[in-house]
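Reviewing the structure listed below.
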Amino acid sequence: MLERLQALTDEALGLVQGAGDSAALDAVQTAFLGKKGKVQAVLRTIGSLAPEERGPVGKAANAAKVEIESALGERRQALIDAAEGELAETEWVDATLPPPASTGEGRSGGTIHPITTLVRDMDDIFASMGFEALDGPWVEDDYHNFTALNIPPDHPARDMQDTYWLSDGNCLRTHTSPVQIRAMENNKPPIRAVCLGRVFRHEDLDATHENTFHQVEGFYVDRQVSVGHMLYVLRALLREILEEDVEVRLRPSYFPFVEPGFEMDVTFRGKWMELLGCGMVHPKVLEFGGIDSSQWSGFAFGLGIDRLVMLRHGVEDLRHFMSGDLRFLEQFHGGAEG
Ligand code: DAH
C-alpha cells in the first residue's frame, strides 16, 4: 500500500509539472485530492488493512496529500509569474516618452466648449459679488415655469415662449426664471442667487435661433432694493464679462415677473446692443415664493449666454454651439483650461 501511495504521488507530481494552465492544475487536484480522488480511495481501504499497517498508511497518505498540494501551489504561482512576465514584455509603456499629442500622433487634447468657459467665468464673477450659484431642473412644471412667475394660464405672455410641452403636462424650461421661485422656496431673504443653464424653445432654427440655448438668471432680494442697486450690479458684471467699461441704457419693457421691467442695452465696439431683460421683482412673484412683499423687494435679470459668446469670439452662427462639430470646437484651445 505504501508503494501504491508513492506511485500516486510521483504520478501527480509529474502531471503538476506538465500542467500548462490553471485548468490543468484543477484537474490534477480533483483527480488526486478530491473527495472521489485517488488518495482518498487509498484512505478508504484502510479499514481493511491489518491493524499495525493502518497507522503508517494513514500517515503516508496525509504526507502524499501535503506534498501534492504544495506542488500544485508552487506550479500555480509559477504560471502566474510567467503570465505577468509576458505582459511586461508585450504591454510595457515608456512613461518617459512625451504624450502622443505632442508628437503629432494619436489622440489630441480636448478643448473646453466656449459656452462652458463663459459660464465658468460668470460663475466666478457672481461668486465674487456674493451670489450663490443654483441649479434647477430642465423639466419644469407649469407652476414654476409660468404661473408663479405671474404668467397664469391663458396669459398672452405664454405665447412669447414657444414651449416644448411633455405628455405629462410638464415642459422643458423655456427660461431660467423658474429658479427664482425655487430659490425663494428653499431660502429665506436676503437672497442673492444666480442660475446659469440650458433652456429650450420650440424655435424655427436659423443663424440666431436654436431650440437649445443658455441663460443666466440673477435674483436679488433684500430690504429696500432699488433700480440703482440693479444698475450697479449689472454694470459691474458686464464690465467683467466684456472686459471693457461699457455704457448701458435702460428701456422700459414688459415682463410679467417684474414691475417696472426694462431691457438693457450696452455699447459694444461703438454700437448699442440689446442685451438683457431685467426689473424689480413683481410683488406677486415674491408672494408666490412665500416672501412678504411689504417687507422685502428685489431685482431680477436674465440674459442669453450664447449671444455673449458669439460676441466674444466673433461666431456668426448660433447653430455651431450645439452641432458637436469638432472643427468648430477645436478652435477654442486656450479656453479656461484648454
Ligand atoms: N425670462 C426672460 C426670458 O427668457 C428673461 C428675463 C427678463 C429674466 C426679465 C428676468 C427679467 O429675470 O427680469 O425671456
Side-chain angles (χ1 to χ4, degrees), residues 122 126 129 131-134 136-138 140-152 155-164 171-184 189 191-203 208-222 225-235 237-238 248-266 273-286 288-289 291 293 296-308 318:
M122 283 195 172
F126 279 116
M129 296 199 287
F131 283 76
E132 188 187 356
L134 301 180
W138 289 353
E140 256 308 356
D141 50 51
D142 182 288
Y143 174 79
H144 288 91
N145 199 76
F146 293 114
T147 307
L149 288 164
N150 197 29
I151 316 176
H155 193 288
R158 289 198 176 205
D159 294 340
M160 286 157 50
Q161 302 194 349
D162 291 318
T163 308
Y164 284 112
C171 63
L172 298 185
R173 70 176 180 197
T174 55
H175 49 177
T176 42
S177 302
V179 179
Q180 295 184 22
I181 308 297
R182 296 186 176 275
M184 289 187 282
I191 299 173
R192 268 186 276 181
V194 276
C195 170
L196 299 102
R198 227 167 237 213
V199 299
F200 309 87
R201 293 201 196 164
H202 192 288
E203 299 277 5
T208 54
H209 294 89
E210 246 293 8
N211 54 20
T212 302
F213 52 103
H214 302 77
Q215 287 188 337
V216 196
E217 191 79 15
F219 186 62
Y220 187 109
V221 178
D222 208 327
V225 178
S226 73
V227 172
H229 296 120
M230 179 181 83
L231 267 176
Y232 175 82
V233 168
L234 286 176
R235 211 180 255 143
L237 172 69
L238 295 174
V248 300
R249 72 180 180 201
L250 286 181
R251 283 180 294 112
S253 185
Y254 174 73
F255 302 98
F257 30 91
V258 282
E259 177 58 36
F262 309 97
E263 257 165 86
M264 181 179 262
D265 303 336
V266 294
M273 193 182 69
E274 185 183 313
L275 194 63
L276 57 87
C278 57
M280 306 308 291
V281 181
H282 198 293
K284 276 195 186 163
V285 172
L286 291 172
F288 269 119
I291 291 179
S293 61
W296 303 92
S297 51
F299 65 80
F301 57 89
L303 77 153
I305 295 178
D306 309 64
R307 278 273 296 285
L308 282 178
L318 188 60

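Whatever order the structure lists ligands and atoms in, that order sets their numbers, starting from 1. One is the number of the first residue; the rest follow in order along the sequence.
- R201 and E210 are not joined by a salt bridge, as no carboxylate oxygen comes within less than 4.0 angstrom of a charged side-chain nitrogen.
- Only the side chain of R201 comes within contact range of ligand 1, with a heavy atom under 4.0 Å; no backbone atom does.
- Judged by distance alone, the side chain of D306 and the main-chain N or O of H214 form a donor-acceptor pair under 3.5 Å.
- Counting heavy atoms under 4.0 Å from ligand 1, residue S177 touches it through the side chain alone.
- Listed by number with element, the atoms of ligand 1 under 4.0 angstrom from any heavy atom of V258 are 13 (O).
- Close approach to G279 involves these atoms of ligand 1, each under 4.0 Å from a residue heavy atom: 13 (O).
- Using a cutoff of 4.0 Å between basic side-chain nitrogens and carboxylate oxygens, D142 and R158 are scored as salt-bridged.
- The local environment of OH in Y232 is sparse, with at most 12 non-hydrogen atoms from other residues, nucleotides or ligands closer than 6.0 Å.
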request  = Applying side chain to side chain contact (heavy atoms under 4.5 Å, CB included), run through Y220 and V225 and close with a yes or a no.
outcome  = CA-CA 8 Å; Y220 187 109; V225 178; 3.8 Å; yes

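- Protein heavy atom in closest approach to atom 9 (C) of ligand 1: G277 C, 3.3 Å.
- For ligand 1, none of its N or O atoms has an N or O atom of F257 under 3.5 Å away.
- Those atoms of ligand 1 that come under 4.0 Å of a heavy atom in C278, given as number and element, are 9 (C), 11 (C), 13 (O).
- Contacts of M160 with ligand 1, taken as heavy-atom pairs under 4.0 Å, are absent altogether.
- Salt bridge R249/E274: absent, no basic N to carboxylate O contact under 4.0 Å.
- Counting only distance, with no hydrogens or angles, the side chain of H155 and the backbone of P152 share no donor-acceptor pair below 3.5 Å.
- In this pair, F126 and F301 present their aromatic rings parallel. The plane angle is below 30°, not in the 30 to 60° band.
- Here's the thing with Q215: one of its N/O atoms is less than 3.5 angstrom from an N/O atom of ligand 1.
- When only non-hydrogen protein atoms are considered, atom 12 (O) of ligand 1 lies nearest to E217 OE2, 2.6 Å.
- Using a 4.0 Å cutoff on heavy atoms, Q180 counts as a contact of ligand 1.
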